[in-house]
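What follows is a set of notes on a single structure, which appears directly below.
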Protein chains: 2
Amino acid sequence: MHISTVSRTFSAPHLVNPDTRSRVLACAETLGYRPNRAARALITGRTHNMGLIVADIANPFFPPLIKAAESQARQRDYHIFVTDTNEDPAAEEELVHALAKQVDGILLCSPRMSNSLIEQLSREVPLVVINRQVTGLPSVVMDVGQGARLAIEHLISLGHRDIALLSGPRGSWTSREIRRSATTAARAGNAELTVLGPNPPTERGGQTMAEQVRRAEVTAVLTYNDLMAIGLIEGLDSLGIAVPAEVSVVGIDDITISRLTRPKLTTVATPAGAAGRAAVDMLLQQDGSWPGRVGRGATGTVPVDDRRTTAQVTLQTQLVIRDSTGPGPHGTADPGGAVAPIPEVVAS
Amino acid sequence: MHISTVSRTFSAPHLVNPDTRSRVLACAETLGYRPNRAARALITGRTHNMGLIVADIANPFFPPLIKAAESQARQRDYHIFVTDTNEDPAAEEELVHALAKQVDGILLCSPRMSNSLIEQLSREVPLVVINRQVTGLPSVVMDVGQGARLAIEHLISLGHRDIALLSGPRGSWTSREIRRSATTAARAGNAELTVLGPNPPTERGGQTMAEQVRRAEVTAVLTYNDLMAIGLIEGLDSLGIAVPAEVSVVGIDDITISRLTRPKLTTVATPAGAAGRAAVDMLLQQDGSWPGRVGRGATGTVPVDDRRTTAQVTLQTQLVIRDSTGPGPHGTADPGGAVAPIPEVVAS
DNA sequence: CCCATAACTGCAAAGGTTTGCAGCGAAGAA
DNA sequence: TTCTTCGCTGCAAACCTTTGCAGTTATGGG
């Protein structure tokens, strides 16, 4: 019995006689043999792994995305390797290089690198970016612009005119998007928007800004994410400022705990799970157009414009009104009841 | 210039003439060449990757452990691939197999598999188990037994005599440990311990148990982890039962949010970061005794007793008293002030 | 009975790197 | 000068699969 027969029993079972096949399998069983995926990858050019690089695994925003991506990948017979960059752009680049040859593609989630660096890296390994738009690269973004607009409009309808925005980390596309959208929404509603930041996107980041929020003399705050909102509420609390009685706070993400803190957080829900699934599928689709075992191997790169599709998926967001927002100093402009839920929608 | 020279430039720079070396480097730069780690692994038998399998990445207990392990590994020039099993033992086994040939070893964190399966798998790839003890395998455990004892003693000192334990998932070594220790501690203090479970180790798992906790007519509850404690408090709240006025609740883990909920959670702090670092180091140490490129390759397995060291690291835990525990119906037996902090200690 | 076809199986090259061994020239020692 | 030694580089095998091609045997049609 030849090695190639063994190989075929595992990778193309229909090509081998059922008898032989079961003999091989029995033998493999007793020997504890399993095909070496690394060696297989060497020749097929397909590892059946994909990488997922996130900024901070401890941020509760990511786990649902990760889990959704993992289960989607599993269905497609792929495995996902997750790694964490500690919000460090340099670590991001290094990880892409390290993963490049061990995976068939990488999901870049909320990358902090520059656009040009991302484009450059995309010539080395297929990339899909999440929460960012890079020309020529497939991406899935959650429409935080719309979410920020809804949040600001909600605050304005509650009678708030002096609003602060706690922006996110430098290099975050999402943060820029929120800022842009919040600014225009505030202007449209005759409200003043004070931007405070950039800040680390963590609970601590929000907590330490409480003092500055007080000094800014605003009656409402929109934060880059829920973690900062929760931290801010905590910080305001220890300054003796009540939420929402004196200051209203809106977060973004709708992480699990935002339902568990007191007051429960008003926030913009982002469809993290859907984003993870969509990103996996986009990567798999793009992957088909990459050189498998053909091409120049290790040094083989692909001209950016050769890509079949550079689809952009946009996922809708949705305002969830809970207890951290209340009427502003000028009284409520309208009752501000619960906003009709907006269905999760995929556009391209 | 020969390929082997290029190879040496990257893997053994001191063996090549500085001039040649820089010429190679320059050339590699312009060509965008980087050594193919998969191919290298094929021959050296070392991938410089390690796997980390956790039960549920969305459980805030894991991220600090993951991050600590990652940074420790990075210092040792290793990368960590994290994967999630959704609390599913079958997924655990499958992942070990999938990872086996792509990593130099695997960290099994809170595995739900049977001991015998773990031992069997350990013949295929080096394994270190976290939060579990498996004979013959290196492991790092947090002393939750001690933690549970401290928690029960704390409750008893507050005057509680009827205490419930919300146990964790089936197959969890930690849960058995907690139960064992809590039982003896309760008996020693003349308290009655009612065990309720097994339960999914999530917020929902705690929330849905509120009704049963009420029926059990206890005045205090120890839960398998913080997530369940938070869920339980939520559930009791919606039943109109006040914490800690009517029922005291103690969690285990001291996850970040336990400081942010109201009331702030009394809990047993576990040194997750230290555990992650210790596990990485143990794996690296064990790794030295494994057959690299020698041995029978794909089918090569190692007799369990050939292991150099089967060290067991135990990390101390610590009770953190916050606001979710208060005096029981019989009054406080002692003032129950803050317990002196126990330093993080590594024993073997 | 012969030929075409089908169903398997064996052969060998390829994929990118590492590494023991041998070769080569230069420098130093005798 | 001749012999060692040293520093560097080239050669080729090996790692474990996959896969196109060719070979073998059995089967069915003419």
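In the text below, chain A, chain B and the rest are named by the order of the sequence lines, each starting its count at 1. Heavy-atom basis, side chains included; hydrogens, waters and symmetry copies ignored.
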Between [X] ([atom1]) and [N] ([atom2]), how many Å, whole number?
X	N	atom1	atom2	value
A/K101	C/dT17	NZ	P	8 Å
B/I43	C/dT19	CD1	P	7 Å
A/L42	C/dG15	CG	C1'	4 Å
A/Q102	C/dT17	CD	C1'	14 Å
A/R37	D/dT17	CZ	P	13 Å
B/R46	C/dG16	CZ	P	24 Å
A/R23	C/dT9	CZ	P	8 Å

If you assign B/M1 and B/A39 each to the DNA chain D nucleotide with the nearest heavy atom, which residue ends up on the more 5' nucleotide?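 Nearest nucleotide further toward 5': that of B/M1.
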
DNA chain D: B/S4 or A/S4, which has the more 5' nearest nucleotide?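 In this pair, the answer is B/S4.
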
For DNA chain C, find the residues of residues 12-22 of chain B with a heavy-atom distance under 4.0 Å and give them by number; none if there aren't any.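 Nucleic-acid contacts, sorted: none.
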
When you look at A/V280 and A/Y78, which way does the side chain to side chain contact (heavy atoms under 4.5 Å, CB included) test go after all the steps? CA-CA 10 Å; A/V280 166; A/Y78 265 71; over 6 Å; no

Nearest-nucleotide pick for B/H2, side chain only, options being D/dC11, C/dT17, D/dT17: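 Shortest atom-to-atom distance from the side chain points to D/dC11.
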
Five-pair end axes of the helix from C/dC1-D/dG30 to C/dA30-D/dT1 and the angle they enclose, rounded to 10°: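 About 50°, once rounded to a multiple of 10°.
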
Kindly give the heavy-atom pair with the smallest separation between B/L108 and B/V96, and that separation in Å.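 Result for this residue pair: CD1-CG2, 4.1 Å.
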
Within the structure, does a side-chain N or O atom of B/T5 lie under 4.0 Å from either OP1 or OP2 of D/dG10?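 It does, given that an N or O in the side chain of B/T5 lies less than 4.0 Å from OP1 or OP2 of D/dG10.
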
Strictly below 4.0 Å: does B/S7 bring a side-chain N or O up to OP1 or OP2 of C/dT18?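 Checking C/dT18 against B/S7, a side-chain N or O does come within under 4.0 Å of OP1 or OP2.
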
Side-chain contact, heavy-atom cut-off 4.5 Å: [X] with [Y]?
X	Y	answer
B/R40	B/P35	yes
A/M142	A/N131	yes
B/V128	B/Q286	yes
A/V54	A/L52	yes
A/T47	A/Q102	no

Which residue in the set B/I57, B/N59, B/L95 passes side-chain contact (heavy atoms from CB on, under 4.5 Å) when paired with B/D84?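 That would be B/I57.
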
After noting the C-alpha distance and the side-chain angles of A/E119 and A/V134, does the key distance pass the side chain to side chain contact (heavy atoms under 4.5 Å, CB included) rule? CA-CA 7 Å; A/E119 276 177 51; A/V134 181; 3.7 Å; yes

So which protein N/O to nucleotides 21-23 of chain C N/O distances come out below 3.5 Å?
none

Hey, what do you get for CD1 (A/I130) to SG (A/C109), rounding to the nearest 0.5 Å?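 Result: 4.5 Å between the selected atoms.
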
Sugar-phosphate, base or nothing in reach of A/S11, heavy atoms under 4.0 Å: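 If one applies the 4.0 Å heavy-atom cut-off, A/S11 turns out to touch the sugar-phosphate alone, with no base involved.
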
Checking A/D281 against A/Q72: is there a side-chain donor and acceptor pair closer than 3.5 Å?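 Yes, side-chain donor-acceptor contact under 3.5 Å.
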
Pair B/E92 + B/R112: basic N to acidic O under 4.0 Å: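 No.
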
